Every structure is written in C-alpha cells, then in structure tokens.
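Okay, so here's the structure we're looking at.
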Number of protein chains: 2
Amino acid sequence: MTTAAKIATRLYVDDALAAERSLGLDHGQAHFLRSVLRLTPGATLAVFNGRDGEWLAEIEGLGKGWCSLTLLEQRRAPAPEPDLWLCFAPIKRARIDFMAEKATELGCSVLQPVMTRFTAVSRVNEERLAANAREAAEQCERLTVPEVRETVSFGRLLDAWPEGRRLLVCAEWGEARPIVEALQTIRAETGGAAQPRPQPWAIMTGPEGGFAESELDALRKLPFVTPVGLGPRILRADTAALAAIACWQAVLGDGDRRPPAALAGFPLPEGD
Amino acid sequence: MTTAAKIATRLYVDDALAAERSLGLDHGQAHFLRSVLRLTPGATLAVFNGRDGEWLAEIEGLGKGWCSLTLLEQRRAPAPEPDLWLCFAPIKRARIDFMAEKATELGCSVLQPVMTRFTAVSRVNEERLAANAREAAEQCERLTVPEVRETVSFGRLLDAWPEGRRLLVCAEWGEARPIVEALQTIRAETGGAAQPRPQPWAIMTGPEGGFAESELDALRKLPFVTPVGLGPRILRADTAALAAIACWQAVLGDGDRRPPAALAGFPLPEGD
C-alpha cells in the first residue's frame, strides 16, 4: 500500500501527531481494530486530530482493549475549513443522530442544540451527538470533527451571539427570500469566494412544531439574521437543516473544492 | 375548524375526488384513524390523490378495518410540480428508507433504483419505498406522491433515456463543475425560472462504493449529462442525493415558492 492510495480505516484521536511519535488508542478503537477489523501489528491506518492534518500510522502492538501506533508520515496537511455553525432545535433520537451525521458530512464546524418554545424533546445527549459526529468525520475524510456544544435556550444563544457571525434562519412562514438567491446576493456584497479566511456563519432550524411567532419576530429584527425559504413543501426539521447546509456550502462554503485526488476510492479495479 | 386552518390528518387515496362523493379507505388507513387517532364520525381530515388537488373530507362511518368519507370541498387545486427524477443506486435499508422520505419532501417526481457495477444491495423492495414515499408526501403537504419505478440496470436506464430529459450526475472524481454554478449557467441558458412548464430533469447518484470508472466515462460522453461536484468531503450516497436535490430545487425547481399560507401551522397559539 502506498500513501497515495485510499486507506480503509481512519480514526480520530486526541493526541498531537508528529513524525515517529507513538500513541495509544482508546478501548473502543482498540477493540474495533482487533476484533471487528481483525487487524494485526504492521497494518496501517490513517489518524487525524483536527489540528495536525492526517497521518499514516502503523499498528505496533495490540491486545484486549489496547493498541499502540507509530506515526509514519503526514498524508494531508491541515487546511482552513468553512466556519458554519448549525443551531438546531433538538428532535427525536433517530432523526437527531441522522442530523448530526449529515451536518458533519456537509462540513458544519459546530453543532449547537437550542431549546425553542415548541421543542418537544426535553433532554439532549451531547455525548451521543459527539460520537455520531466523530464517526461521520472518520467516514467522510474530514480533517476535523465538529464541536458539539452544550444545549442552550433560544434567548441565551441570541443574547451571547458573537459579533460578526451571520445567521441564516429557515423560516417556513412570513417573509423570506429563496435561499440561493439570498446567499448569492450576500456573496456578491462580501466579495465572493475570494475571501482570505472563511466568514463566520450559522444556520438555525426550528423543531418539528416550527418556531413560535415571537421567536421568528425576534430573529427578523436582528441585523445579522437573513430569513430564507426552502420552497413550498413543509420540510421536516432534519430535512430543512440539511437542505440549508447543502445550499450554503454550494454558494458561500467550499462547494467549489473537490475531494483530494489521493483519497480517491475511484478508479476501483474493475476486474475483481 | 375552518377549511383555512391546518388539518392534522392528511391521507393519500387512489379514488377520484369531487364534491359530495363518498369514498372508502383501505384497511390500514381505517385502522389508523380509528385505533391510533381515535377519530369518530363527523371528524374531518384532508385527502389527496395526486390528480385532483386536496379535499376536505368528513368521516361518515368507521369500524374495524373500514372507514367511509364524504368529500366536502376542495382545499387546494392541483398545481404543476417540478419534474425531477432521482436515479439512485440502492443502499442499505435504513438509509434507503431515509432517502425515499427526503427525496419526497424535497419534491422528486420519480424514484428510480438503478443497479450499478458496485451496488452492494441485491434486491430492492419497491413496495416499501412506495410506502415511505406516500407517508412522507402525507406529512409534507405535497399534492402528489413520487412514482417508485421498478429497479433497472445502469445500461438499460441509459439505453431507454427519454429525449429531452437532462441528467445531473454527482461525480466524486474527475472533472465536474460546482453544482450551483453549473445549474445557474443552465438556468441562464434555458431562460431561467420563467418557463411555461417545468423542464424534465434527473439526478443520478452512485452506491456507497461509487460509480465504476467505465460508468462515469459513459455518463460523461452523453450529451444530456452534466457532471457536478458537491465539495471536498466524501459524502455518503444518501447525503449526496439530498444535497443535489436541495441545490437543484433552489436553482431550477420551485425554491422560490413558499408554503401555502392556508397550511400554516404558524402562528400557533402561544398561550397553551
């Protein structure tokens, strides 16, 4: 296997990554490599930590619940990524898992659960969301894992809103511009994709019951908010979030970039 | 309840809909109204059949496994919808269910499973897909249900490709334009949204293993194909499909339309 080929196994780790360093994996990861993938010492995999790019690593030793790796060389250098928060009212379990997975694949940098007036879910398992995000990041070749923030109330989130971060609100009712039209106007006003650094943005979606009238009113009055529409159908909360992220990435994010050629699963050998 | 208010229950039926007609529901729907929602004669609901718009109906009688309705009046007239097929390589069960649901919410007109070279799923349950599509259409206020077609091979689908239907191919590798940029060029060339009738389009996505090199080569040579990219991350098959549909609807579809005001769940009473 050369370092240019696609590597089947890819794990997120906390430790710093540098040439010739050794590092240990956690219990779950060690179990996965040994008992699920049945790897043995000498096998290679890729690791990333969100700071030092992606590294090729070799299994030095592994046993029940432990695994040590030696780092061989950097495969990909760290690179700037879009700075896009997803602020979402929590929804039921299968759908929130799915939303975390898809928002990770689509390149969100922060997952921020927000309790709105009509949110029907009373407790958010942030650890579970973080595990979903980590797994999705491992799968989709991202160099980072989105940060899962502690759940906050709608009011508190807006009170502490960071200066300079714009907010796209998916508004089913009332005035709203079509999403791509709105984003392209903003792109033209702010100098397009030729930005030196990614601009800080966020997308906010409501719960299954929608935002309360008072919430949408409050949002519309904020200077950093752009209310947008996603067409004539009533989308589920998870669908709305994914559609909005996809459009944002295509217009203001990294939609003009391509997967690194070295990661190509394609062309696969066609003879086997 | 007035006809302008949102109606909680919405069912797809096969029968023709016209004023003062009576119709019977199938066993599952009757059970749902009687035993799950615990509705009784005199309760109202909405029905649609994909041809005659949406009608307000009143429960005339119901018993174990049967329910008869009287149609009161039309709530919404039939309206043209985007003509967008989703041609997708089948994927594993939870994800294919999810894809059918989301493609329905996002307004696809046809769901066409396609067996590609690296498709790992050997059998598609089209009936199950159709049930998912129907349920999603009932939920999202669509007036139609996407047609689920019988699974075909990649070669056969292209051999029988209908004249005049363009095809957007999500291509992870090789040359491809960013999706929104490509769609906007086409929009400008074909006269924008001011079309008398929706233009026929399709989106094609590969299986988890991607398209084979020979498949992508064949697609790129076809005059009706536009290969597009969805950014630098490797998206799962279901994510790629949803992101592409969302962008297509936003640029070439009905993304500039808003949900009918009469369907508004909002404003909900805030005092309860």
Side-chain angles (χ1 to χ4, degrees), chain A residues 79 81 94 98 101-102 104-107 117-118 136 139-142 172-174 176-181 183-184 209-214 216 229-236 238-239 242-247 249-251 253-261 263-268 270, chain B residues 79 81 94 98 101-102 104-107 117-118 136 139-142 172-174 176-181 183-184 209-214 216 229-236 238-239 242-247 249-251 253-261 263-268 270:
Chain A
E81 294 183 351
F98 181 88
E101 174 187 301
K102 297 311 180 206
T104 302
E105 285 180 60
L106 293 169
R117 188 171 173 93
F118 295 132
Q139 291 271 340
C140 77
E141 308 288 346
R142 264 181 81 146
E172 277 175 2
W173 315 111
R177 290 181 68 192
I179 184 166
V180 163
E181 189 187 303
L183 291 172
Q184 283 192 307
F211 288 112
E213 188 171 11
S214 58
L216 267 190
L230 294 165
R233 288 163 297 278
I234 309 293
L235 303 182
R236 282 182 184 272
D238 51 345
T239 317
L242 307 182
I245 300 167
C247 291
Q249 286 286 15
V251 179
D254 57 14
D256 55 346
R257 286 178 53 210
R258 299 285 285 153
L263 298 177
F266 172 80
L268 290 168
E270 296 204 28
Chain B
E81 294 183 353
F98 181 86
E101 176 188 300
K102 298 310 180 206
T104 302
E105 285 180 60
L106 292 168
R117 189 172 172 91
F118 296 132
Q139 291 272 339
C140 78
E141 308 288 346
R142 264 181 80 147
E172 277 174 2
W173 315 110
R177 290 180 67 191
I179 184 165
V180 163
E181 188 188 304
L183 291 171
Q184 283 192 307
F211 288 112
E213 187 172 11
S214 59
L216 266 190
L230 295 166
R233 287 162 298 277
I234 308 292
L235 303 182
R236 282 183 185 272
D238 51 343
T239 317
L242 308 182
I245 301 167
C247 290
Q249 287 286 15
V251 179
D254 56 13
D256 55 344
R257 286 177 51 210
R258 297 287 286 155
L263 298 177
F266 170 82
L268 291 168
E270 297 203 28

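Keep in mind it's a predicted model, so treat the numbers as computed, not measured. Note on naming: letters A, B, ... go to the chains in the order of the sequence lines (proteins, then strands), and numbering restarts at 1 for each one.
- Here the shortest heavy-atom pairing between A:Gly174 and B:Arg258 reads O-NH2, 2.7 Å.
- Ranked by heavy-atom pairs under 4.5 Å with chain A, the first of B:Ala244, B:Ala246, B:Gly231 is B:Gly231.
- Between chain B and the residues A:Pro178, A:Ala243, A:Cys140, the most heavy-atom pairs under 4.5 angstrom are made by A:Cys140.
- In this structure, the side chain to side chain contact (heavy atoms under 4.5 Å, CB included) partners of A:Arg257, at least two apart in sequence or on a different chain, are A:Asp254, B:Pro232.
- Both the backbone and the side chain of A:Arg236 come within contact range of chain B, each with at least one heavy atom under 4.5 Å from a heavy atom of that chain.
- Taking every heavy atom of both residues into account, B:Glu105 and A:Leu235 meet most closely at O-CD2, 3.4 Å.
- Heavy atoms of A:Leu106 lying under 4.5 Å from chain B belong to its backbone as well as its side chain.
- A:Ala250 and B:Cys247 make their closest contact through CB-SG, 4.0 Å (heavy atoms, listed as atom of the first residue, atom of the second, distance).
- Atom-to-atom distance recorded for A:Leu242:CG and B:Ile245:CD1 is 11.5 Å, nearest 0.5 angstrom.
- Between A:Pro260 and B:Trp173, the shortest heavy-atom contact is O-CZ3, 3.7 Å.
- For A:Gln184, the side-chain hydrogen bond (donor to acceptor under 3.5 Å, both in side chains) criterion is met by B:Gln184, not counting sequence neighbours.
- Rounding to the nearest 0.5 angstrom, the gap separating the CZ atom in B:Phe98 from the NZ atom in A:Lys102 is 6.5 Å.
- Neither the backbone nor the side chain of A:Glu181 comes within less than 4.5 Å of any heavy atom in chain B.
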*List the steps and the verdict of side-chain contact (heavy atoms from CB on, under 4.5 Å) for B:Gln249 and A:Arg233.*
CA-CA 11 Å; B:Gln249 287 286 15; A:Arg233 288 163 297 278; 3.5 Å; yes
